[in-house]
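This report concerns only the one structure given below.
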Amino acid sequence: MTTILATKRAAWTKLKAHYEKIKATHMRDLFSEDPERFEHFHTEACGLMMDYSKNRIRSETIALLTDLARESDLAGWTERMVGGERINNTEDRAVLHTALRYRPAGAFPAGDADVMPGVRDVLGRIRRFTEEVQSGNWRGYTGKPIEAIVNIGIGGSDLGPVMASRALGAYQHERLSGYFISNLDATQLTETLKGLDPATTLFIIASKTFTTQETLTNAKSAREWFVSQAGEDAVAKHFVAASTALEHTSAFGISPANVFEFWDWVGGRYSLWSAVGLSIATLIGMDNFEELLAGGNDMDEHFRSAPYDKNLPVLLGLLDLWYRDFFGAESHVVLPYDYALRSFPDYLQQLEMESNGKRVTRDGKALDYSTGSIIWGGPGNNGQHAFYQLMHQGTTLIPSDFIVPMRCQYAIRDHDEAMLSNALAQTEALMKGRSENEAKQALIESGLTGEKLEAAVPHRILPGNQPTTTLVYERLTPRLLGSLIALYEHKVFTQSVIWGIDAFDQWGVELGKQMAKVIMPELTATIDATTHDSSTNGLINYIRKGRAASG
Ligand code: G6Q
């Protein structure tokens, strides 16, 4: 199927013209024009209320953006995805992570390709395993119950489990603690193992391919650490794996009974719903894990059925695309005001940038527009005391998502009201800013006059007009988290369909991996490296000699 460039769509041309008309309009004026703006630009589904009124849009903008989604056949591509077509065409794979959280009884997708028997079988095995560990029936080699769950993985086999386990810390079994090891240098491994007792530690090796250098290096070292204290025979009670590569897990010495399978139609960054979520399920319990899946399924149903102007993922994707392609915004910041979601921006960084950081269409044509925003962020409250200055008075357009709970998972005094007032004040300040007159007035009221007053004014002006979208929910539950994650997954998918790109491959990360294989032996060689550019040769030789001299 030939992919049509987004710039060739009629709605794109109309959006260009519309952008010229709206680009200089301040949101203050948009709010004055329409006193019911919140009513017109907020929508709600799956326990999430999305206020997108503080964006640089009019009704016409949403009409044109949703036309663009329709012209790009978003509905058709969605059905192709959930129908099991191999829409990840560069890897020739289906994309069926939605099946992992499909809750109704019956087949998914309908017909020959039904993957549900396998999915349900593994979920059953995960339930039995997590119940054994949580109840204390799963005993380590000295007969003690497990206390530490150590997930060893990287990328998609790490970021989802880290993010979701932290987000659902309030649901964690009181005897269990979760640890996550991903980095190649030995610091994370060493510092984590230092505090652990092998007799009560369970390692989950999460790797789709079971060939990933970081994971295997860490897994081998963890195994050595364990065997040196507990002996080889104890491995079966302390090492399990989540993988699609059963031959590799056996070669590593993990018994087939301890391997939780998933499939090649689960992309790494979409895999927390699969056996890769084993650490999450073990920490929070299977009932809660199934609630997480149900939340994902809620959002899938909403995404497939809601009209686009009420469709949370579609709107979120279109708004980001509006700023990326028409305003030229390069980055998008995600600001949770729920500390439980502190790792959510890191998780989204991979989900969005690995999926939509592409420069050619599905069929290999060069794009003439920008794709994937640079995603960054962190807990909003901390950000206020760090990077928000640049959002308020810097020179860059930075659209943001504020993620705001009505209540956090723990109620103490007036923490929630303090958190909420700050979150809402920031969206107001980013939208309104402070005009020259307002800045001057405030300074006069503080007693400043004359030259000092004039000198101070420019520094007190905030231009405002920074777009914010606010997602509000009552309290972070497993189900809500499932919906929130799936919201962003479908946001990314919506954009990829409009941009005409394959959101499910990641060829860009391969080159560096291949080059690392060449460099590794050169670091311990006795002769200088000469086959690279002068910088890389220089770095290898400098480090090799430095290590030899110091080591
Ligand atoms: C995700 C990517 C990547 C992957 C890691 C780990 O979509 O494919 O981040 O998850 O490279 O791969 P393994 O799970 O195969 O170890």
Side-chain angles (χ1 to χ4, degrees), residues 81 87-98 100 122 150-164 180-184 188-189 203-223 239-252 254 259-280 343 345-358 371-372 375 485-486 488-493 495-496 501-517:
M81 173 171 71
I87 63 163
N88 175 0
N89 64 296
T90 72
E91 294 183 333
D92 193 25
R93 284 179 181 160
V95 175
L96 281 173
H97 51 278
T98 48
L100 299 165
V122 174
V150 181
N151 188 80
I152 299 182
I154 196 163
S157 300
D158 170 68
L159 287 160
V162 171
M163 178 275 291
F180 296 87
I181 296 175
S182 54
N183 268 271
L184 257 184
Q188 197 182 16
L189 179 82
F203 293 93
I204 298 174
I205 318 297
S207 177
K208 180 173 168 179
T209 56
F210 230 79
T211 56
T212 306
Q213 186 189 31
E214 289 86 346
T215 302
L216 289 191
T217 304
N218 281 319
K220 279 179 196 151
S221 300
R223 200 178 192 283
F239 281 80
V240 302
S243 187
T244 61
L246 305 191
E247 68 288 5
H248 294 314
T249 51
S250 304
F252 184 82
I254 297 183
V259 180
F260 297 83
E261 194 192 354
F262 61 111
W263 306 273
D264 74 353
W265 43 261
V266 183
R269 54 195 173 275
Y270 299 86
S271 66
L272 73 86
W273 318 95
S274 74
V276 166
L278 191 62
S279 53
I280 310 168
S343 300
D346 292 350
Y347 169 78
L348 289 183
Q349 219 162 37
Q350 182 193 25
L351 176 66
E352 302 215 13
M353 293 168 77
E354 206 162 53
S355 299
N356 283 343
K358 307 288 162 64
T371 58
I375 301 292
I485 299 167
Y488 278 89
E489 284 181 353
H490 294 315
K491 168 204 167 178
V492 167
F493 180 68
Q495 295 180 325
S496 74
I501 58 181
D502 185 341
F504 302 101
D505 63 13
Q506 56 283 314
W507 295 106
V509 301
E510 294 304 320
L511 179 62
K513 288 190 203 170
Q514 287 161 17
M515 289 180 168
K517 283 191 190 142

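One-based numbering, in listed order, for ligands and for the atoms of each.
- Here the side chains of E247 and F210 are not in contact, with every heavy-atom distance at 4.5 Å or above.
- Protein heavy atom at the shortest distance from atom 3 (C) of ligand 1 is Q350 NE2, 3.7 Å.
- Atoms of ligand 1 lying under 4.0 Å from any heavy atom of S207, numbered from 1 in the order shown and given with element: 13 (P), 14 (O), 15 (O), 16 (O).
- Considering only non-hydrogen protein atoms, atom 10 (O) of ligand 1 sits nearest to G156 N, 2.9 Å.
- Rounding to the nearest 0.5 Å places CH2 of W263 at 6.5 Å from CG of L100.
- Atom-to-atom distance recorded for L246:CG and E261:CD is 5.0 Å, nearest 0.5 angstrom.
- Between M81 and H490, some side-chain heavy-atom pair lies under the 4.5 Å cut-off.
- Protein heavy atom in closest approach to atom 15 (O) of ligand 1: T209 OG1, 2.6 Å.
- In this pair, F203 and F239 present their aromatic rings parallel. The plane angle is below 30°, not in the 30 to 60° band.
- Residue T212 approaches ligand 1 through these ligand atoms, each under 4.0 Å from one of its heavy atoms: 12 (O), 13 (P), 15 (O), 16 (O).
- The nearest heavy-atom contact from the protein to atom 2 (C) of ligand 1 is E354 OE1, 3.4 Å.
- Scanning the protein for heavy atoms near atom 6 (C) of ligand 1, the closest one is I154 O, 3.2 Å.
- Going from atom CG of N151 over to atom CD1 of I280 covers 8.5 Å, rounded to the nearest 0.5 Å.
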